[in-house]
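All values below were derived from every heavy atom in this structure, side-chain atoms included, with hydrogens, water molecules and symmetry-related copies excluded. In what follows, chains carry the letters A, B, and so on, assigned in the order in which the sequence lines appear, proteins first and then strands, with residues in each chain numbered from 1.
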Amino acid sequence: GQQVMQIPQYQHVQEGEDFTTYCNSSTTLSNIQWYKQRPGGHPVFLIQLVKSGEVKKQKRLTFQFGEAKKNSSLHITATQTTDVGTYFCAGGGANNLFFGTGTRLTVIP
Amino acid sequence: NAGVTQTPKFQVLKTGQSMTLQCAQDMNHEYMSWYRQDPGMGLRLIHYSVGAGITDQGEVPNGYNVSRSTTEDFPLRLLSAAPSQTSVYFCASSYPGSGYTFGSGTRLTVV
């Protein structure tokens, strides 16, 4: 079955430092989506990437989709305490979505 | 728009009991899915549906049944609860090819 691996599992950063999480799939993905889940909350959709090599930005967040459409990354510049949570990538099949294990981000004020 | 509504928010079951987790969406989304979330395991797909009357199995379907008689509702049935089914369950919906909208989850404990 489709597998989506995500690293690191945990990341602690000082407020103001940058943060990156990486996502790798064993198969070519039709698209990749990113979600954020605050502690005790539910996943919230951030963005979807579809094209090979695609780069999208949302304020301090930069999302990339690899050329082979098997990997992706999320980079946060100058983290803030509001960035705390778990970030999930999710690879799309034709009709469903498989989630990575997530990276839990802690921001130390 | 309420989005995706899940009930109940919390539930404690005894081993062997059955129950239904409710999920309803008011966005006219074609796709609906059930996930379970366990510590360190991310979200694992249980069952999904691409439209009314159509369902299929995900990664971890054993012990769960679903049906989709209407576009709005996608209930998840636990046939005979086991401690291994202790988890947080999320229902999600989407249009094809778009981001998923998740419900607030049901925290289930099986004792």
Can you tell me which portion of B:Leu43 sits under 4.5 Å from chain A's heavy atoms? Options are side chain, backbone, both or neither. both

Within a reach of under 6.0 Å around CZ of A:Arg38, are more than 12 heavy atoms found that belong to other residues, nucleotides or ligands? no

Tightest non-hydrogen contact, residues B:Gly42 and A:Phe88, listed as CA-CE2, 3.9 Å

Is there a path of hydrophobic side-chain contacts, each under 4.5 Å between heavy atoms of I, L, V, M, F, W or Y residues, that connects B:Leu21 with B:Phe74? yes

Taking everything shown except B:Arg44 itself, do over 12 heavy atoms lie less than 6.0 Å from its CZ? yes

Check whether B:Gln37 gets within reach of chain A through its side chain, its backbone, both or neither, counting any heavy atom under 4.5 Å. side chain

If you round to the nearest 0.5 Å, how far is OG of B:Ser94 from CD of A:Gln48? 9.0 Å

Are A:Val13 and A:Leu74 connected into the same hydrophobic cluster when the rule is that any two of I, L, V, M, F, W, Y join if their side-chain heavy atoms are below 4.5 Å apart? yes

Examine B:Ile46 and B:Met19 and state if one hydrophobic cluster contains both, with Ile, Leu, Val, Met, Phe, Trp and Tyr joined whenever side-chain heavy atoms are less than 4.5 Å apart. yes

Does the side chain of B:Tyr48 reach to within under 4.5 Å of the side chain of A:Leu97, using non-hydrogen atoms? no

Region of A:Gln37 that comes under 4.5 Å of a non-hydrogen atom in chain B: side chain

State, to 0.1 Å, how close B:Phe102 and A:His42 come at their nearest heavy-atom pair, and which atoms those are. O-CD2, 3.7 Å

So, the side chain of A:Tyr35 versus the backbone of B:Tyr100: is there a donor-acceptor pair under 3.5 Å, distance only? yes

Can you tell me how far CZ of A:Phe45 sits from OG1 of B:Thr101, rounded to the nearest 0.5 angstrom? 9.0 Å

Do A:Ile47 and A:Leu61 share a hydrophobic cluster (ILVMFWY, side-chain heavy atoms under 4.5 Å, transitive)? yes

Is there a chain of hydrophobic side chains (I, L, V, M, F, W, Y, each step under 4.5 Å between heavy atoms) that links B:Tyr64 to B:Val88? no

